[in-house]
Structures are given as C-alpha cells and as structure tokens.
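Before any comments, here is the structure.
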Amino acid sequence: MEEERKSKGAMDLEFKIVGQDFKRAGEASFEVKNCLKRLGAPPKVIRRIATAAYEAEVNVISYAQSGTMRVNIEDEWVDVTVEDVGPGIPDIELAMQEGYSTAPPYVKEMGFGSGMGLPNIKRNSDWMDLRSTVNQGTILRFKVNLKGAEKGEA
Amino acid sequence: MTPLSQPESLLQLRAERCQSCTHCIRVCPTEAIRIRKGKASIMGHRCIQCGLCLTACPHGAWEVRSRELDEIKKVGSPIAFVDPSVLWQGGMNVSPQEVMEGFLKIGFQEAHELNEALIVYRRAIEGYLASGEIPRPAIGSGCPAVIQLVQVKYPALIENLIPLVPPFHIAAAIWEASSGGLKPDGALFYIAPCLALAEAVKDPLFSHPKYAEAINFSKIFNGLRSKIQSKARRNKADSPPALIREGMKWAASGEWIESLSIGKAIVVDGIHHVGAVLDRVENGVLEDIQFIDAWACPTGCFGGPLLIENPHVARSLFKNWGKIKKAAPQAKKFRKTANSFAWETYRLPQILTPRSGMRLDENMGRAMAKLREIDALVKKLPGIDCGSCGCPNCLALAEDIVQGFAGEGDCRYSQGKKKEIAGSNQ
C-alpha cells in the first residue's frame with residue numbers, strides 16, 4: 001500500500017527538533033522549503049508554508065523539550081504535523097489570541113515568543129488543528145494546499 | 001518555466017588552466033558548477049553571476065571576457081562610465097581624481113562617475129518605500145547577482161525587490177540628455193568590478209541602449225596604472241572628470257543608504273550571508289525591516305571579483321579620503337541636475353520572473369518521484385562530500401544521477417560505488 005501511495009506521488013519528510021537549540025532554529029523549515037522548491041511549488045505557497053513551519057519549529061524550540069516535524073506531501077496538500085514533549089498548552093483559545101505569550105524574557109530578547117506564532121500559523125494555512133495535554137505535550141497539525149487559491153493574507 | 005535562452009556568457013573557462021580541483025564547485029551558492037571530463041562547466045540556468053568561482057579558483061581558470069585597451073582605442077570616441085569601486089585599486093596610490101583622469105590618458109574621450117545618477121537612485125529608493133507598493137522588507141536591486149539569487153532560490157521574494165534599473169543606466173540616461181547624445185563614432189563603456197554588472201550591461205532589461213559593453217577592470221588595470229604613474233598629461237582642453245562623495249558611496253555596502261529616510265534597514269554582503277537573510281525573510285520573520293541593502297560581494301562592490309585591491313583596504317582608502325569639501329560646489333550642481341530627472345522614469349521595463357534553476361521537473365508528480373529517488377540514492381553514497389565525482393556534494397551527485405547528468409560509476413569510493421549501483425538499478 002505504501003508503494004501504491006508513493007507511485008501516486010506522495011512524499012514524507014521527518015525532522016527532529018531539540019528544545020532550547022535556538023542556534024539551529026529554522027533548519028527544519030529550511031529543508032521543507034528546499035524540498036518544495038525542488039518540486040516547483042508556487043512561490044507564494046512556499047512562503048506560506050515556510051512561515052507556518054518556521055513558527056511551529058520555533059515554538060518547539062522555545063517551549064518544549066523535544067519534538068518532531070513530519071511533513072507529508074500528497075494529493076496537492078502539504079500536511080505538517082509537529083509533535084512535542086513539553087509543558088503543553090493549558091488554554092488553547094487563549095494561546096491562539098494575537099499577542100498572548102508565555103515566553104520567558106530571554107526568549108523574547110532573541111526576537112521570538114511575541115505571541116504571534118500560532119495566529120501566524122493559522123493565517124498561513126488552509127486548515128489547522130491544535131491539541132495539547134498539560135505536562136505531556138502538544139500536537140499541531142496544519143495543511144496548505146499546493147495549488148489552492150490564495151488565502152487572504154490580511 | 002523553462003530556463004530563458006541565455007546569450008553567450010561573459011564567464012569563460014580557460015580550459016588549459018583548469019586543474020579539475022574542486023574549489024569553484026564548492027563555493028557556488030546555487031551549485032551551478034560541475035567538473036565534467038576533467039574540466040569545470042557551468043549550468044547556465046542556475047548561474048547567478050556572483051563570481052565566487054572567479055575568486056575561488058587558485059589557477060585563474062575562470063575569466064570574464066572583455067575587450068583589451070587596444071581594441072577600445074579603435075572606437076572613435078569611447079566614453080567611460082566608471083564604477084566607483086575601481087577608484088581605490090591597489091598599486092595606484094593616487095587620488096580618485098587622478099584615476100578618473102587616467103581614463104582620459106588611456107584613450108577615453110570622457111570619463112564619468114555615477115554622481116547625479118546616485119542622487120536620483122537614492123531618491124527612487126525613498127520614493128518606492130514611501131509608495132507602499134513594495135512589500136516589506138523591500139530588497140535593494142543594485143546588485144544584479146542578488147536579483148538573480150532571488151529569481152533562482154527565493155522566487156517568493158521577487159515582489160520585494162525594488163524594480164529599478166541600475167545606477168549605470170541612469171548615469172547614461174542623464175549624460176545623454178545633458179550632452180546632446182553620442183557622436184556617430186562613439187560608444188559608451190561601463191568599467192565593471194564584477195561579472196554580474198558586466199552581464200547587466202548586455203541585458204536590455206537593465207541596461208541603457210547606448211552602452212556598447214562593459215569592460216573588465218582587471219584587463220585595463222595595468223595600462224591605467226602605467227599611464228597614471230607616467231607624467232603624461234591629459235589634454236588641457238578637456239574638463240576634468242568630476243567626483244562627489246555621494247556618487248562614490250555606491251561602492252560600499254550600507255554607506256550609500258546612510259542619511260536616507262527609509263527606517264530600519266539591514267545591510268548584508270557576501271552572497272551566502274545574503275542567502276541566509278533572504279531565508280529568514282521567506283520565513284516571515286523580518287517584516288518590521290523596511291529595507292535590505294544586499295550585495296553579493298564582501299563589503300559591497302569593493303569586493304568585486306574583477307578588482308585588484310583587498311576590499312577592506314579599498315573601502316578604508318575611500319573612507320579616509322580627505323578631499324571631500326573641495327567637491328562641495330560640484331555636489332550642489334549635481335543635485336540641481338539630478339532634481340530635473342524624475343526617478344519614476346527608471347522603473348524596470350518588465351516584471352522580474354522566477355527562474356527554474358532549482359526545480360527538478362516541470363511536472364510536480366515527476367519531480368516528487370525524482371526527489372524520492374534522490375533521497376534513496378543519497379543514503380547509499382558515502383556522505384563525505386569530497387567532490388571527486390565533480391559534484392559539490394553527495395546530494396548533488398544523487399540529483400545529477402537521477403537527472404541523467406552523471407553516471408553510476410562517478411563516485412570514486414568503492415563502498416559508495418557498490419551501494420550506489422545497487423540502488424540505482426531501476
């Protein structure tokens with residue numbers, strides 16, 4: 001079945017993300033972008049996925065102990081799942097509000113944790129799902145359509 | 001999105017000098033070079049003309065084609081437009097004024113700096129940023145290699161590029177309007193510090209139609225130096241070429257935007273650093289920055305691969321140049337001339353388009369199949385990125401094999417070879 005899926009043109013990527021490793025922030029999203037450029041994805045779609053994937057990657061680095069980013073490209077959809085082991089999010093609705101942040105000062109000093117990450121992911125994706133268990137971790141999943149109409153950026 | 005048909009490149013390999021070492025293939029920011037049959041060759045659809053290969057080659061095998069001084073003299077009235085970076089070159093040890101006069105001594109009828117053009121150009125940058133037309137951060141388009149880096153690797157950022165023709169174009173336009181135009185036997189030449197600008201002079205998208213071509217500065221350096229140092233005088237009737245500091249600042253990254261009212265800016269030079277900054281822009285994290293002043297060469301055009309002096313030395317010579325005040329009355333005149341030219345005139349005549357250099361296939365399904373093949377193949381290669389196969393790294397070899405550009409036996413490491421043959425049996 002896996003072979004059949006692949007012959008239809010599916011692609012899986014997986015990246016490990018290490019908590020607090022700010023030096024390497026952006027490496028996973030860089031690889032995702034690179035792959036999409038190889039495939040010839042439309043530039044605007046690449047940018048949306050890049051923005052969302054980067055925010056998701058930085059979230060894991062800023063808050064969690066470790067995480068994994070899995071990217072699946074299939075049937076014109078880029079499906080990204082970021083799963084982490086960490087403190088979790090007690091109030092998801094609050095976390096989705098622009099400007100809400102629980103980032104410690106040192107994270108903010110590095111230019112991260114402005115409280116725009118999750119809203120930014122939502123804005124740049126066509127579908128998003130966020131689940132979290134406090135003291136266990138968070139699973140973020142979002143999808144972007146490779147050929148879909150431009151989602152309003154405003 | 002097939003690669004544009006490219007006219008013959010100015011960048012050429014002197015095959016007899018190429019030792020098939022791996023210096024150039026490793027530094028190329030778009031992995032555009034391969035060693036094939038013992039000689040380096042360029043994949044034109046990927047080359048962004050940054051010229052890193054020229055600088056990296058220890059054998060001087062890469063060269064930028066250009067006329068020699070003798071040939072230029074055969075043109076009836078050659079007129080030089082001089083890139084400001086060439087005014088501070090090694091061994092000359094003279095003032096920039098004397099260098100400009102040197103161009104007259106070696107046979108040019110006139111020699112011009114970017115003076116008014118840069119004033120207009122700076123106003124255009126302010127104008128575009130005030131217009132709200134360009135998404136932030138706006139990216140400076142003064143360096144043609146940066147433009148091409150965006151086209152090849154960061155196509156989503158094309159709309160961030162300021163759509164302006166380069167200052168050498170504006171300089172020629174102002175000259176044409178103020179001088180009454182070119183004599184029938186005349187021709188304009190741009191004295192270029194780098195491959196990218198020399199190519200831009202050939203490109204109708206960027207260039208002014210009156211330019212004949214660019215001149216590789218390193219080819220005329222010796223002739224210029226000997227004439228400057230000899231006591232030859234220029235014809236007294238000629239008016240001396242004029243210089244203002246404002247025009248010369250163009251050669252140094254960042255300096256020419258000082259005092260512009262454009263808000264927060266990032267100054268970045270060196271093509272790999274430029275790539276790293278553009279990567280962040282693509283991630284949407286630098287949106288509070290108004291302007292990115294980006295240059296392929298370290299320190300800006302002083303780092304041009306066709307120049308002689310160390311870029312940091314040249315930049316310091318420029319910064320220490322003390323005769324600025326004398327130029328003040330001229331500066332006033334230049335400003336007045338510049339103000340009579342509307343910057344809006346100098347918009348690029350066409351919208352820039354992405355280049356397909358990084359794309360594996362026109363069909364996304366096929367591209368995906370190739371990507372998977374590459375992924376499987378690269379795991380079987382030794383992963384030491386030795387370059388012996390003629391590719392910059394193992395991943396590039398895997399890609400070339402899948403694209404049919406490389407053979408299965410190209411990996412020299414038997415371990416890798418054995419596994420690779422096993423893996424590419426499809």
Side-chain angles (χ1 to χ4, degrees), chain A residues 2-3 5-14 25-58 71-78 110-114 116-117 119-121 123-124 146-147 150 153, chain B residues 1-3 30-31 46 135-136 149-161 266 275-289 352-376 378 395-396 398-399 402-403 426:
Chain A
E2 181 62 12
E3 279 313 305
R5 206 172 71 83
K6 287 195 169 172
S7 68
K8 271 165 57 189
M11 175 103 213
D12 300 302
L13 306 165
E14 186 174 320
E27 284 188 9
S29 32
F30 178 83
E31 293 298 330
V32 176
K33 274 195 297 197
N34 219 9
C35 172
L36 291 167
K37 287 172 188 177
R38 296 312 227 188
L39 297 179
K44 291 202 171 180
V45 174
I46 293 177
R47 200 169 179 181
R48 291 177 66 209
I49 296 169
T51 305
Y54 180 75
E55 295 285 5
E57 186 182 355
V58 167
V71 182
N72 165 244
I73 307 169
E74 192 173 354
D75 295 336
E76 300 181 4
W77 285 92
V78 178
M110 282 184 284
F112 303 116
S114 62
M116 298 305 287
N120 225 354
I121 295 170
R123 197 164 41 237
N124 284 289
L146 273 176
K147 293 182 181 166
E150 199 69 12
E153 276 258 18
Chain B
M1 277 215 312
T2 46
T30 54
E31 298 185 347
R46 280 199 185 173
R136 297 299 192 268
L149 181 71
V150 171
Q151 288 177 299
V152 172
K153 280 181 102 172
Y154 304 93
L157 304 182
I158 286 181
E159 58 183 23
N160 297 55
L161 285 167
I266 289 179
V277 170
L278 296 184
D279 186 58
R280 304 202 58 188
V281 176
E282 210 174 33
N283 292 348
V285 288
L286 292 175
E287 281 164 358
D288 59 327
I289 302 294
L352 293 162
T353 49
R355 274 169 52 185
S356 59
M358 291 292 128
R359 198 169 179 172
L360 290 170
D361 200 289
E362 292 203 1
N363 174 293
M364 202 186 281
R366 278 202 302 269
M368 219 176 286
K370 284 181 181 174
L371 201 54
R372 259 200 318 273
E373 264 182 77
I374 292 166
D375 203 41
V378 78
L395 181 61
E399 192 182 306
V402 169
Q403 295 285 39
Q426 40 191 286

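In the text below, chain A, chain B and the rest are named by the order of the sequence lines, each starting its count at 1.
Summarising the geometry, atom CD1 belonging to Ile73(A) is positioned 5.5 Å from atom CE belonging to Met368(B); distances are rounded to the nearest 0.5 Å. A distance of 11.0 Å separates CD of Glu282(B) from CD1 of Ile49(A), quoted to the nearest 0.5 Å. Of the inter-residue distances, the one linking Leu13(A) atom CG with Leu371(B) atom CG reads 7.5 Å to the nearest 0.5 angstrom. The structure places CE of Met364(B) at 13.0 Å from CE of Met11(A), a figure rounded to the nearest 0.5 Å.
Only the side chain of Ile46(A) comes within contact range of chain B, with at least one heavy atom under 4.5 Å from a heavy atom of that chain.
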Walk me through whether Met358(B) and Arg38(A) qualify under side chain to side chain contact (heavy atoms under 4.5 Å, CB included). CA-CA 6 Å; Met358(B) 291 292 128; Arg38(A) 296 312 227 188; 3.3 Å; yes

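Residues satisfying the side chain to side chain contact (heavy atoms under 4.5 Å, CB included) criterion with Gln151(B), sequence neighbours excluded, are Ile147(B), Gln148(B), Ile158(B), Leu352(B), Arg355(B). Every residue two or more places apart in sequence or in another chain that forms a side chain to side chain contact (heavy atoms under 4.5 Å, CB included) with Arg280(B) is listed here: Tyr54(A), Val285(B), Leu286(B).
In this structure, Arg47(A) contributes its side chain and Asn283(B) its backbone to no donor-acceptor pair below 3.5 Å.
Nearest heavy atoms, Ala156(B) versus Pro43(A): CB-O, 3.3 Å.
Because its NZ or CZ atom is not both nearer than 6.0 Å to the ring centre of Tyr154(B) and within 45° of the ring axis, Lys33(A) does not count as a cation-pi partner of that residue.
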